[in-house]
2 protein chains.
Amino acid sequence: MPSRPLNATAASLLGFLHEGPMSGWDLVATAQSRIGDFWSLTQSQVYRELAAMAADGLVEAQERGRRDRRPYAITDAGRAAFTAWVSREPEPETIRFPLLLTIMFGRHVPADQLATVVARHRQAHAARLAAYEQIDAELPPGAAEAEPYAVATLAFGLAYERAMLAWFDDLPPAIAGG
Amino acid sequence: MPSRPLNATAASLLGFLHEGPMSGWDLVATAQSRIGDFWSLTQSQVYRELAAMAADGLVEAQERGRRDRRPYAITDAGRAAFTAWVSREPEPETIRFPLLLTIMFGRHVPADQLATVVARHRQAHAARLAAYEQIDAELPPGAAEAEPYAVATLAFGLAYERAMLAWFDDLPPAIAGG
DNA sequence: TGGTACATGTAACATGTTACATGATTAG
DNA sequence: CTAATCATGTAACATGTTACATGTACCA
């Protein structure tokens, strides 16, 4: 039954299932909106992890509901596995940033093209920052005390995107264009 | 021969091979030191990609040297594939940050334990920032003009780590501890 | 009644990780 | 002579990605 240690994706699903039974579909939406900015996952993965966790007794499929939805409920074993997971030392983050590869190999790219690419990415980051700032601005008063955890992850997004923009704006003309 | 489009890892190896033939061992070391901070790869992967690229005619194994080392040289086809790759639109970065998951699910973690974990990660980021700052301080004069691309990736590391530290220092007591 | 959103799931494949086996060369 | 380092490679598995197949229910 207890096959392998939980991976972070499966553990996150268990984390959300603490709030009540949810279907794979729900979990995808929940995860993408709540942790999607620093932990990506796909539909396929969610169904795979749910099936594996059901086999391991960490979750239990419930009766099918409307539109064939199949909610899963966390079990006691699931709660125990989640607690063990969340108490371990988190691994260091990994960043995979293709734009930096393009820049690192920038001498193989025509200067105007590199500048265009960089400008497009800067724009994407500006848009994401604006989205975070809007969420931040619309936070109800007292959110920082009521939901410090979610607010801290939003703060991360803000800090990250602001740093990215500052970095973009500091790039030399050889990269960002004249 | 031309099986699938290049992935970023394989393309990076081709990028380095522009500087001359290198063995898998050399490439691992080169990649880890030059792009390791924003593009991770392992030994296994390098040997696998080299074998695949050799099969596709993008690189050519040369005679074995000392200690059985087997240098690979980039071919014209390899140069063409690299140029095509480096000219495409880079994909958005992915960040996978387990500590943020721990924080997001922080209500399931004892407060003092969460604070300890956070402090340990802050320390790790401080150390990385210090390392980047030292590299930065030791940059020879004129490096910004001579090697704008590598300097820009260093600037990214500096901006990122500084933002992380600022974020850590702004965490509320509920997370960072009283 | 037909399109769209909801919902589950499989298959195939690409990529990433860990562990191991093997041998060559060098330094002490 | 032996330990450490250099160097290549395989095997097994975990994770991530893309594409597809299927069916349900709502709503215009």
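If you're wondering where the values come from, they're calculated on a predicted model, not measured in any experiment. Chain letters run A, B, ... following the sequence lines, proteins first, then strands; residues in each count from 1.
A/Thr42 contributes no side-chain N or O that forms a donor-acceptor pair with the base of D/dT18 under 3.5 Å. Remark: the B/Thr9 side chain and the C/dT15 base include no donor-acceptor N/O pair separated by less than 3.5 Å. Contact annotation: side chain of A/Ser44 to base of C/dT10, donor-acceptor pair present below 3.5 Å.
Rounded to whole angstrom, the span from the CD atom of A/Gln43 across to the P atom of C/dA11 amounts to 16 Å. To the nearest angstrom, P of D/dT8 lies 12 Å from CD of B/Gln62. Rounding to whole angstrom units, CZ of residue B/Arg69 and C1' of C/dA24 are separated by 12 Å. The interatomic distance linking A/Gln32 (CD) with C/dA7 (P) rounds to 14 Å, in whole Å. Rounded to a whole Å, the CG atom of A/Asn7 is 13 Å from the P atom of C/dT17. Here the P atom of nucleotide D/dA7 and the CE atom of B/Met22 are 13 Å apart, to the nearest Å. We find that CH2 of B/Trp25 is positioned 11 Å from C1' of D/dA4, with the value rounded to whole Å. Atoms CG (B/Leu13) and C1' (C/dT15) sit 14 Å apart, rounded to a whole Å.
Distances shorter than 4.0 Å separate some side-chain N or O of B/Arg70 from OP1 or OP2 on D/dG9. At C/dG9, one or more side-chain N or O atoms of A/Arg64 fall inside 4.0 Å of OP1 or OP2 (strictly under the cut-off). An OP1 or OP2 oxygen of C/dT25 is reached within less than 4.0 angstrom by no side-chain nitrogen or oxygen of B/Arg66.
Distances were taken from every side-chain heavy atom of B/Ser40 (C-beta onward) to each of C/dG9, D/dG9, C/dT17; the shortest belongs to C/dT17. Listed candidates were C/dT15, C/dA24, D/dA11. Nearest to the side chain of B/Asp68 is C/dA24. The listed nucleotides are D/dA12, D/dT17, D/dC6; the one nearest the side chain of A/Gln45 is D/dT17. Residue B/Tyr47 places its side chain closer to D/dA7 than to any other of D/dA25, C/dT25, D/dA7. Distances from the side chain of B/Tyr72 to the nucleotides D/dG9, D/dA7, D/dA12 place D/dG9 closest.
Checking B/Thr94 against B/Ser23, the closest nucleotide of DNA chain D that is more toward the 5' end is the one next to B/Ser23. Of the two residues contacting DNA chain D, namely A/Arg48 and A/Arg67, the nearest-nucleotide position lying further toward the 5' end is that of A/Arg48.
In this structure, B/Glu161 does not pair ionically with B/Arg122, as no charged nitrogen and carboxylate oxygen lie closer than 4.0 Å. The pair A/Arg162-A/Glu133 meets the salt-bridge criterion, with a side-chain N (NZ, NE, NH1 or NH2) lying under 4.0 Å from an Asp/Glu carboxylate O.
If you look at A/Phe168 and B/Phe156, their ring centroids are not closer than 6.0 Å. In summary, the aromatic rings of A/Tyr132 and A/Tyr160 are positioned with their centroids too far apart to meet the 6.0 Å limit.
Panel note: side chain A/Thr75, backbone A/Leu58; a donor-acceptor pair is recorded below 3.5 Å.
Applying the salt bridge (Lys or Arg N to Asp or Glu O under 4.0 Å) test to every pair with at least one member in residues 108-120 of chain A, sequence neighbours left out, gives these pairs: A/Arg120-B/Glu89.
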